[in-house]
Amino acid sequence: MHQPPIPHVASADPEIAELIEGEARRQFEKIRLIPSENYVSVAVLEAAGTVLTNKYSEGYADRRYYEGQQFIDPIEKLAVARAQAVFGVDHANVQPYSGSPANLAVYLAFLQPGETVMGMALPMGGHLTHGWPVSATGKWFRSVQYGVRADTGRVDLDEVRELALRERPKVIFCGGTAIPRTIDFPAFAEIAAEAGAVLVADIAHIAGLIAGGTHPSPVGHAAVITTTTHKTLRGPRGAMIMSTAEHAKAVDKAVFPGLQGGPHNHTTAGIAVALHEAAQPEFRSYAHQVVANAKALAAALLERGYSLVSGGTDNHLILIDLSPQGIAGKPAAKALDRAGLEVNYNTVPFDPRKPFDPSGIRIGTPSITTRGLTQEHMPRIAAWMDEAIIAAVKDDEPSIDRVAGEIRELLTGFPMAGWA
Ligand SMILES: *Cc1c(COP(=O)(O)O)cnc(C)c1O
């Protein structure tokens, strides 16, 4: 049953209640390997499901356009103070609705339409909002894109420098969605300084690792830091923009009134709770276990002959090129899902296939680590993945069903926040 229970949804809207229960069960029964997902605590779920959703609070604490902020103001102040403490930043804005609007607010703060932004190309591991052509950020701004080296699968900082000095972007984004290696913030900062650009570190994927001390922090290197709150940071869906004091005003003005209306106060409370959790010693252990699990899973996959972009991982994420297995990413991801292993198909750098039917899959360990799985389980997971992929190539549905059953069996021993 969903936790906290939802008896009122069940009586008012049984159709939706049944679907919510179904999703909760699905999350309980699967090895969830999508690296941008997690399981939030019941405390975060409760905070995000409160009457705070009833309140309008356009503006910022002590400067609102609506009355009745006696409780909302302290909630938002707590969220901001906790973000400042966890990440060690001068300024934090906790109002962005999600990662994409947070990044759009950065454009509004630092660029005029048509001016130049530089980011990592989407098929190389960047995010849509770093100037990819189909995104508003690529349509309304002039975008130049860097990638990774074909031989190493890692960001080519010489290319980044050359491109930055030639194109003179006003903003440079570092970070992305499919980067299995440590991001060199000091090197990016040096390049941005040389080029006269504002460096923005988008830490959406690795915020929890930074909070937990297993990835270097961009603070002191990037003047602006954007992040989602719902990936490794293990909060509700939302985002934050953090910055030096110098840019605080520009950031706040861009979020409101530049881009958004009223903040989602129930989400703000959930973010505050998640940041409180992230400040506890157990969260440091969590972040360390996420990375230890990813390294163990990568080693087990390498042992089974899998081709990993960049040859492994430093963080929570593994990008697998399935070409040697003779299967594309999409059919593999679908077979893995039937086998109880939830992944997403993904382009790999220099992918000869199309983005909607790419060569790779992307996996990660944030969710399974929250469930309590450790290094000792990783060889088993690699074996199950291998069995399911081989079964998919051979159209062997019974083997896929068998793996799904074995996974359900294992996971009964690992409780899930949100399911009782
Ligand atoms: C997930 C992600 C985003 C976007 O977040 P949404 O909440 O999905 O809009 C932005 N940048 C990076 C690097 C991400 O990984």
Side-chain angles (χ1 to χ4, degrees), residues 32-38 40 44 48 87 93-109 117-132 134-138 141 143 145-148 155 171-185 188 199-211 215 217-218 222 224-242 251 254-255 259-260 263-264 267-268 270-271 274 290 294 313 315-319 343-344 346-347 349 355 362-367:
R32 297 175 57 227
L33 293 170
I34 295 175
S36 48
E37 296 182 349
N38 215 323
V40 300
V44 168
F87 290 97
N93 184 310
V94 297
Q95 293 192 3
Y97 299 141
S98 213
S100 303
N103 283 347
L104 198 53
V106 167
Y107 286 79
L108 187 58
V117 63
M118 186 165 134
M120 193 177 195
L122 177 71
M124 294 284 181
H127 191 261
L128 280 164
T129 56
H130 298 182
W132 191 243
V134 300
S135 152
T137 62
F141 302 90
S143 162
Q145 304 264 281
Y146 59 87
V148 296
V155 173
V171 167
I172 298 176
F173 275 92
C174 60
T177 61
I179 304 174
R181 294 297 180 177
T182 301
I183 299 165
D184 190 344
F185 296 122
F188 271 102
L199 179 64
V200 181
D202 180 348
I203 60 168
H205 259 262
I206 54 175
L209 304 184
I210 292 168
H215 189 292
S217 169
V224 180
I225 300 165
T226 62
T227 185
T228 57
T229 47
H230 48 273
K231 297 178 184 175
T232 49
L233 194 56
R234 222 162 56 177
R237 300 197 87 86
M240 307 192 290
I241 305 177
M242 299 176 278
V251 165
V255 174
L259 195 64
Q260 297 190 166
H264 294 180
T267 300
T268 305
I271 291 172
V290 166
T313 182
N315 54 30
H316 64 300
L317 183 148
I318 301 166
L319 192 56
V343 309
N344 67 272
N346 214 96
T347 53
R362 188 185 68 148
I363 63 173
T365 52
S367 299

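Ligands are counted one by one from 1 in listed order, and the atoms in each one are counted from 1 as well. Numbers here are sequence positions counted from 1. The structure presented is a predicted model; accordingly, all values stated were derived computationally and were not measured. Computation of the quantities below employed the complete heavy-atom set of this structure, encompassing side-chain atoms and omitting hydrogens, waters and symmetry-equivalent molecules.
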Given 3.5 Å as the limit, does a donor-acceptor pair link the side chain of Gln145 with the main chain of His130, or not? yes
Near ligand 1, which protein residues have a heavy atom under 4.0 Å away? Ser98, Gly99, Ser100, Asn103, His127, Gly176, Thr177, Asp202, Ala204, His205, Thr228, His230, Lys231
Shortest non-hydrogen contact from Leu122 to Thr347? O-OG1, 4.4 Å
Kindly determine whether Tyr107 and Phe173 satisfy ring-ring contact (aromatic ring centres under 6.0 Å, His included), including the steps that lead there. CA-CA 11 Å; Tyr107 286 79; Phe173 275 92; 5.6 Å; yes
To the nearest 0.5 Å, how far apart are OG1 in Thr227 and CG in Asp202? 7.0 Å
Can you tell me if Thr226 uses its side chain to pair, donor with acceptor, with the backbone of Ile241 under 3.5 Å? no
Geometric class of the His205/His316 ring pair [parallel <30°, tilted 30-60°, perpendicular >60°]: tilted
